[in-house]
Visitor: 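I have a structure here, written as structure tokens, and I will follow up with some questions on it.
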2 protein chains.
Amino acid sequence: MPLPEKKIIERIRRAAAKQSTTLVEGIGDDCAILRPPAGQELLVTTDFSLEGTHFRREWHPAESVGHRCLARGLSDIAAMGGRPVAAFLSLALPTDLPQSWVDGFMRGFLRLADRHKTVLAGGDTSESRSGVLADIMVLGYAPRGRAIRRAGARPGDILYVTGALGGSAAVLERLFQPQINADARRMRPDSKRHFFPEPRVAVAQYLLKRRLATAMIDLSDGLSTDLAHICEESGVGATLVEPLIPVAQGATLAQALHGGEDYELLFTARPKAKIPLEIAGGSVAEIGWVDAQRGMRITGRTSKAQSLKVKGWEYFQSR
Amino acid sequence: MPLPEKKIIERIRRAAAKQSTTLVEGIGDDCAILRPPAGQELLVTTDFSLEGTHFRREWHPAESVGHRCLARGLSDIAAMGGRPVAAFLSLALPTDLPQSWVDGFMRGFLRLADRHKTVLAGGDTSESRSGVLADIMVLGYAPRGRAIRRAGARPGDILYVTGALGGSAAVLERLFQPQINADARRMRPDSKRHFFPEPRVAVAQYLLKRRLATAMIDLSDGLSTDLAHICEESGVGATLVEPLIPVAQGATLAQALHGGEDYELLFTARPKAKIPLEIAGGSVAEIGWVDAQRGMRITGRTSKAQSLKVKGWEYFQSR
């Protein structure tokens with residue numbers, strides 16, 4: 001059984017207490033108070049992490065659930081080139097949940113928050129009638145008018161992704177195989193991509209500072225889905241070059257194209273822009289280009305282009 | 001069955017599309033982008049509305065659930081004297097929920113948002129395995145350094161509340177009585193206090209502009225609980241005068257003292273401050289004073305003061 005609500009809040013408040021130049025008041029009043037620096041715009045994102053939909057307690061250690069919960073929000077801030085500053089956590093817990101699980105969740109959450117200088121500034125707690133429900137809100141800053149939108153891609157732009165794709169989906173696929181021991185599935189060296197994905201905050205800020213990206217999105221729903229978002233919002237099409245797509249070790253091409261939760265960045269840049277092969281310690285790969293012609297295509301280096309269908313996962317579809 | 005996630009987002013996006021001077025980008029990118037006006041601080045609050053914990057679908061019409069969901073956040077902004085500007089809604093829906101319910105929820109939500117010039121600027125949607133889960137985040141502005149905190153009450157300050165108390169708890173009490181027909185219970189004229197509470201945003205801004213309040217909180221958990229918060233954060237005690245407490249029609253003194261969800265304001269002011277008996281169309285009543293001596297007391301006009309215990313509702317306690 002978790003501690004009473006007031007004690008949980010007290011414990012979180014102590015754990016979250018941090019110096020912050022932007023945060024005037026954190027947990028302990030009706031609202032948190034933030035003081036945005038002059039010339040900065042505010043970025044806001046919210047993301048659910050619901051047991052059964054986004055994670056399973058028998059698969060995901062508490063630290064992983066806390067980490068992934070915050071990573072989703074940080075990755076959205078990264079997708080705009082922003083600097084994350086504060087997080088708000090709403091947490092509904094079943095009454096039979098051990099407090100040690102809550103502690104593990106908070107450990108995973110706060111460790112990632114610390115690494116990204118993000119203060120836990122507030123939230124809500126409640127009782128849940130079924131499973132752990134978390135909702136994360138992350139606030140970030142970006143210089144006025146400089147946030148990298150989905151809508152900025154132009155025909156002729158080059159498509160890039162960070163890191164390798166499909167790794168998270170490959171781990172998830174293994175988790176669905178009941179004949180493999182749960183601990184063994186979790187302990188494989190490449191499992192970190194799924195359990196502790198690292199949002200690409202530093203890469204995104206590098207791109208924003210140097211005005212290198214024309215459009216950007218984070219790969220949370222899968223390459224085909226997220227590329228479609230950029231195409232829709234920019235009013236363009238795109239062509240991927242199959243052999244250029246960085247498929248994660250142990251993943252298939254299909255997982256790299258359609259698997260979600262890699263939390264890498266997909267961005268476009270003008271053909272003349274000099275994009276390094278490595279930014280902030282992570283690899284960057286050219287994977288295709290932006291077309292005036294709507295729709296998405298995939299081609300081999302020499303073969304004819306085929307239509308690329310959106311096959312990301314929608315939560316409302318049963319798996 | 002609700003519409004697929006993408007269609008729900010599209011529908012909400014259309015309904016929420018509004019001109020706003022502060023909102024640069026709303027729904028449709030990885031983050032919403034807000035441009036805070038110079039000299040303003042940012043207020044942030046989050047609140048769960050979970051089926052079974054905060055509402056019941058057999059008791060609360062969809063419009064009421066949407067209204068109450070947003071009202072909780074607006075009331076927190078009011079509690080600091082802030083001006084609400086944007087809301088973010090995370091909504092997890094059971095697959096067997098009729099779309100008409102979602103439409104009703106959004107109607108109630110957006111009608112209240114409109115009245116308070118609050119833009120629905122983003123959020124998240126997901127599938128829920130049990131019941132409707134909503135999490136609301138509201139952003140507001142307050143002039144730099146001027147937000148009214150819980151911590152500002154000083155001995156000798158006078159205690160005030162807006163409106164009448166206990167009305168929401170009285171309705172809830174009736175809802176728990178199975179022998180009364182559900183529609184009849186809902187239709188009573190005083191039921192609005194529970195189903196469609198009106199957050200006191202205008203009153204709060206009046207107090208902030210004129211620097212009248214030294215501390216403030218909204219009455220979401222009940223007078224005894226919320227007064228205790230002011231006392232704790234301010235390092236003071238308080239005495240209530242029983243016959244001065246404005247008990248809502250149909251409510252008991254106990255409901256006025258301990259019942260939650262009235263969303264009225266409790267504030268303190270210096271004895272010399274001129275507090276009108278009516279602000280922005282709502283009544284304001286003096287109900288006691290702030291003491292240097294810790295703890296809370298309640299007294300008749302002439303009788304001896306008795307200790308006042310905190311009896312608000314904690315969600316983790318079974319009801």
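Each chain gets a letter, A, B and so on, in the order the sequences are listed, and its residues count up from 1.
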Visitor: Would you please classify the geometry between the Trp101(B) ring and the Phe55(B) ring as parallel, tilted or perpendicular, with 30° and 60° separating the classes?
Guide: parallel

Visitor: Taking every non-hydrogen pair under 4.5 Å, which of Leu89(A), Leu50(A), Val44(A) racks up the most with chain B?
Guide: Val44(A)

Visitor: Is it true that Arg200(B) and Asp218(B) have a side-chain N and a carboxylate O under 4.0 angstrom from each other?
Guide: no

Visitor: What option among Thr46(B), Asp76(B), Leu42(B) has the most heavy-atom pairs under 4.5 Å with chain A?
Guide: Leu42(B)

Visitor: Got a salt bridge between Glu261(B) and Arg68(B), using NZ or NE/NH1/NH2 to carboxylate O under 4.0 Å?
Guide: yes

Visitor: Would you check if there is a donor-acceptor pair between the side chains of His116(A) and Glu198(A) at a distance under 3.5 Å?
Guide: yes

Visitor: Just checking, any donor-acceptor pair under 3.5 angstrom between side chains of Asp135(A) and Ser90(B)?
Guide: yes

Visitor: Given the options Gln40(B), Met137(B), Arg149(B), which has more heavy-atom pairs under 4.5 Å with chain A than any of the others?
Guide: Arg149(B)

Visitor: Among Ala147(B), Gly131(B), Gly123(B), single out the residue with the greatest number of heavy-atom pairs under 4.5 Å to chain A.
Guide: Gly123(B)

Visitor: If you count heavy-atom pairs under 4.5 Å with chain B, which of Ala142(A), Gly145(A), Pro36(A), Gly122(A) comes out on top?
Guide: Pro36(A)

Visitor: Based on non-hydrogen pairs under 4.5 Å, which of Ile33(B), Ile77(B), Asp47(B) is most in contact with chain A?
Guide: Ile33(B)

Visitor: Using heavy-atom distances under 4.5 Å, tell me whether Ala38(A) contacts chain B through its side chain, its backbone, both, or neither.
Guide: neither

Visitor: Give, as side chain, backbone, both or neither, the part of Ile230(A) having an atom under 4.5 angstrom from any heavy atom of chain B.
Guide: neither

Visitor: Distance only, no hydrogens: is a donor on one side chain within 3.5 Å (strictly under) of an acceptor on the other, for Thr214(B) and Thr268(B)?
Guide: yes

Visitor: Go through the atoms of Phe88(A) and report whether side chain, backbone, both or neither lie under 4.5 Å from a heavy atom of chain B.
Guide: side chain

Visitor: Side-chain donor-acceptor pair under 3.5 Å between Glu51(A) and His60(A), yes or no?
Guide: no

